[in-house]
Student: 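Encoded as structure tokens, here's the structure I'll be asking about.
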Amino acid sequence: GDLGTRLFKRTTQVVELTETGRLLQLRAQGLVEDYEDIKLQIHDIELRTSRSLRIGVPYYAIEDYLGTIPTEFEKKYPEVNTSYFVETPSDVYYNLVNHKTDLAFLVNYKMSSDDFISYVPVYREPLGVVLNVNNPLAEKPYLRFRELKKETFLLLTDPFFVSSMTQIGELSKSLGEFNIERFINYDRMESLLIGISKNDGICISGALLKSQESRFIAYRPLVDKGCWRMVCLCFDKKTKNPLVQNFIDLYRSSSYYRI
């Protein structure tokens, strides 16, 4: 080979290293150990030099998703400048894919073009029924899916609701034993809320519409098993910011982690 010397002695029974081969083996082992040590040192440098972490959070779920986590993270990493971008779900997503944030709380949306994003499940967001206060169902403190069979479902045709609407259709079959036949589609949140305030139907939602309770709109939790949707901490698979994993680890060790 390139070394110009024999590395092995071969006989009919065994293959042994020559003296040169043993020397090369020892040096190669040392190089592997040096490489692993260098990797650890680089990680330590990145950890010390990474001073910022940008996190996207849907505007309606700051309390539900985060709670006291920002305070706990600041106590553990006081030198880190942590910024929270409070946006609509779509803006939270697009800020992440455009590298304007390092980490984002998202319901488990799966776009065809986002194979570079890692999804770490961290929170089961309860689902409930959003309805007009004059709907007879609003008189109950909680509801089950089978009680919704005769209702008209109000749906939001937003790309970030597609997976949720698919899940709701599956829940109506498995828990309520019915297919959703009566529904009205809306292309804007404002229009859907007007539909609820006019008692045109009901909507199934998590924290997004729970936050819209008013003197016209009520929210009643669904108590059937499986009435939740998964919230994930999402990040670019190629991120080099070690604080991303530190935040995820802290979240997983907190009382907000519900899987």
Side-chain angles (χ1 to χ4, degrees), residues 50-111 113-114 116-128 130 156 158-165 167 188-190 192-193 203-214 219 221 227-259:
S50 295
R51 299 291 182 180
S52 65
L53 183 65
R54 304 162 301 170
I55 302 173
V57 188
Y59 68 88
Y60 57 83
I62 298 174
E63 183 176 346
D64 288 344
Y65 293 1
L66 280 176
T68 61
I69 293 294
T71 303
E72 295 173 27
F73 191 78
E74 185 178 355
K75 286 181 179 179
K76 190 167 185 178
Y77 302 98
E79 75 284 359
V80 174
N81 179 24
T82 309
S83 303
Y84 295 90
F85 292 74
V86 182
E87 305 281 1
T88 64
S90 57
D91 285 338
V92 169
Y93 174 82
Y94 289 119
N95 281 339
L96 179 66
V97 299
N98 290 313
H99 307 291
K100 294 181 180 179
T101 55
D102 305 297
L103 197 58
F105 283 90
L106 290 169
V107 173
N108 197 9
Y109 309 120
K110 188 63 179 175
M111 299 297 187
S113 60
D114 68 359
F116 63 93
I117 294 179
S118 287
Y119 290 80
V120 179
V122 294
Y123 180 75
R124 289 182 178 181
E125 182 181 57
L127 293 175
V130 185
L156 189 63
D158 182 293
F160 289 91
F161 265 65
V162 171
S163 60
S164 296
M165 292 303 103
Q167 180 189 19
R188 297 189 324 160
M189 175 71 72
E190 294 81 0
L192 183 143
L193 291 173
C203 183
I204 308 298
S205 178
L208 174 59
L209 290 184
K210 181 182 178 182
S211 64
Q212 300 296 323
E213 279 193 287
S214 66
Y219 177 91
C227 283
W228 50 268
R229 59 181 186 172
M230 185 61 71
V231 177
C232 297
L233 274 170
C234 307
F235 59 94
D236 190 322
K237 291 178 180 178
K238 294 183 179 180
T239 183
K240 294 184 178 180
N241 189 340
L243 293 169
V244 167
Q245 189 60 52
N246 292 348
F247 187 92
I248 292 172
D249 290 343
L250 177 67
Y251 199 97
R252 281 177 155 173
S253 65
S254 74
S255 61
Y256 294 91
Y257 179 66
R258 301 172 189 171
I259 297 298

Student: So Tyr77 and Leu53, do their side chains get closer than 4.5 Å, heavy atoms only?
Tutor: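 Side chain of Leu53 against side chain of Tyr77, heavy atoms only: no contact under 4.5 Å found.
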
Student: Looking at every heavy atom in both Leu127 and Gly206, which two are closest together, and how far apart are they?
Tutor: CD2-N, 3.9 Å

Student: Arg54 side chain to Thr82 main-chain N or O, any donor-acceptor pair under 3.5 Å?
Tutor: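 No, because the side chain of Arg54 does not come within donor-acceptor range (under 3.5 Å) of the backbone of Thr82.
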
Student: Go through the steps to decide whether Tyr256 and Asp64 satisfy the test side-chain contact (heavy atoms from CB on, under 4.5 Å), and finish with yes or no.
Tutor: CA-CA 8 Å; Tyr256 294 91; Asp64 288 344; over 6 Å; no

Student: Please confirm whether the backbone N or O of Val231 pairs with a side-chain atom of Glu125, one donor and one acceptor, at under 3.5 Å?
Tutor: no

Student: Looking just at side-chain N and O atoms, do Thr239 and Asp236 make a donor-acceptor pair shorter than 3.5 Å?
Tutor: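 Thr239 vs Asp236: no donor-acceptor pair found between side chains.
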
Student: Please confirm whether the backbone N or O of Gly128 pairs with a side-chain atom of Tyr219, one donor and one acceptor, at under 3.5 Å?
Tutor: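 Between the backbone of Gly128 and the side chain of Tyr219 there is a qualifying donor-acceptor contact (under 3.5 Å).
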
Student: Testing the basics here: between Met230 and Pro121, what is the closest heavy-atom pair and its distance to 0.1 Å?
Tutor: SD-CB, 3.6 Å

Student: Given side chains that start at C-beta, do those of Glu72 and Ser254 come closer than 4.5 Å, heavy atoms only?
Tutor: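 The answer is yes; the side chains approach within 4.5 Å.
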
Student: Quick check: are there more than 12 heavy atoms from other residues, nucleotides or ligands sitting under 6.0 Å from CD of Glu63?
Tutor: no

Student: Measuring only between side-chain heavy atoms, which start at C-beta, is Val130 closer than 4.5 Å to Gln212?
Tutor: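 SC-SC contact between Val130 and Gln212 ruled out.
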
Student: Quick check: do Phe85 and Ile55 have side-chain heavy atoms less than 4.5 Å from each other?
Tutor: no

Student: Got a second to check how far Lys75's NZ is from Leu250's CG, nearest 0.5 Å?
Tutor: 11.5 Å

Student: Would you indicate whether the side-chain heavy atoms of Leu243 and Leu103 approach each other to under 4.5 Å?
Tutor: no

Student: Is the shortest side-chain heavy-atom distance between Ile117 and Val97 below 4.5 Å?
Tutor: yes

Student: Do Ile204 and Gln167 come close enough that some side-chain heavy atom pair is under 4.5 Å?
Tutor: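 Heavy-atom side-chain distance check fails, nothing below 4.5 Å.
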
Student: To the nearest 0.5 Å, how far apart are OG in Ser118 and CD in Gln245?
Tutor: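 It comes to 9.5 Å.
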
Student: To the nearest 0.5 Å, how far apart are SG in Cys203 and CG in Leu156?
Tutor: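 Result: 7.5 Å between the selected atoms.
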
Student: Got a sec, which residues hit side chain to side chain contact (heavy atoms under 4.5 Å, CB included) with Arg252, two or more places apart in sequence or on another chain?
Tutor: Val120, Ile248, Tyr257

Student: Kindly write out the residues that satisfy side chain to side chain contact (heavy atoms under 4.5 Å, CB included) with Ser211, not counting sequence neighbours, or none if the list is empty.
Tutor: Tyr60

Student: Ring centres of Tyr251 and Phe105 under 6.0 Å apart?
Tutor: yes

Student: Check whether any side-chain N or O of Asn241 sits under 3.5 Å from a backbone N or O of Ser52 as a donor-acceptor pair, and report yes or no.
Tutor: yes

Student: Is the backbone of Asp91 close enough, under 3.5 Å, to the side chain of Thr88 for a donor and an acceptor to pair up by distance?
Tutor: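 Yes.
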
Student: Nearest 0.5 Å, what's the OH-OG1 distance between Tyr94 and Thr101?
Tutor: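 These two atoms lie 13.5 Å from each other.
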
Student: Any side-chain heavy-atom pair from Asn81 and Arg51 closer than 4.5 angstrom?
Tutor: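 No, every pair of side-chain atoms sits at 4.5 Å or beyond.
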
Student: Who pairs with Tyr123 by ring pair (Phe, Tyr, Trp, His ring centres under 6.0 Å), at least two apart in sequence or on another chain?
Tutor: Tyr65

Student: Might you point out which heavy atoms bring Ala104 and Val92 nearest each other, and give the distance in Å?
Tutor: CB-CG1, 3.7 Å

Student: For the CG atom of Leu233 and the CG atom of Leu106, what is their distance to the nearest 0.5 Å?
Tutor: 9.0 Å

Student: Flag yes if more than 12 heavy atoms outside Glu74 fall under 6.0 Å of its CD atom; otherwise flag no.
Tutor: no

Student: Give, for atom CG of Asn95 and atom CG of Asp102, the distance between the pair rounded to the nearest 0.5 Å.
Tutor: 11.0 Å

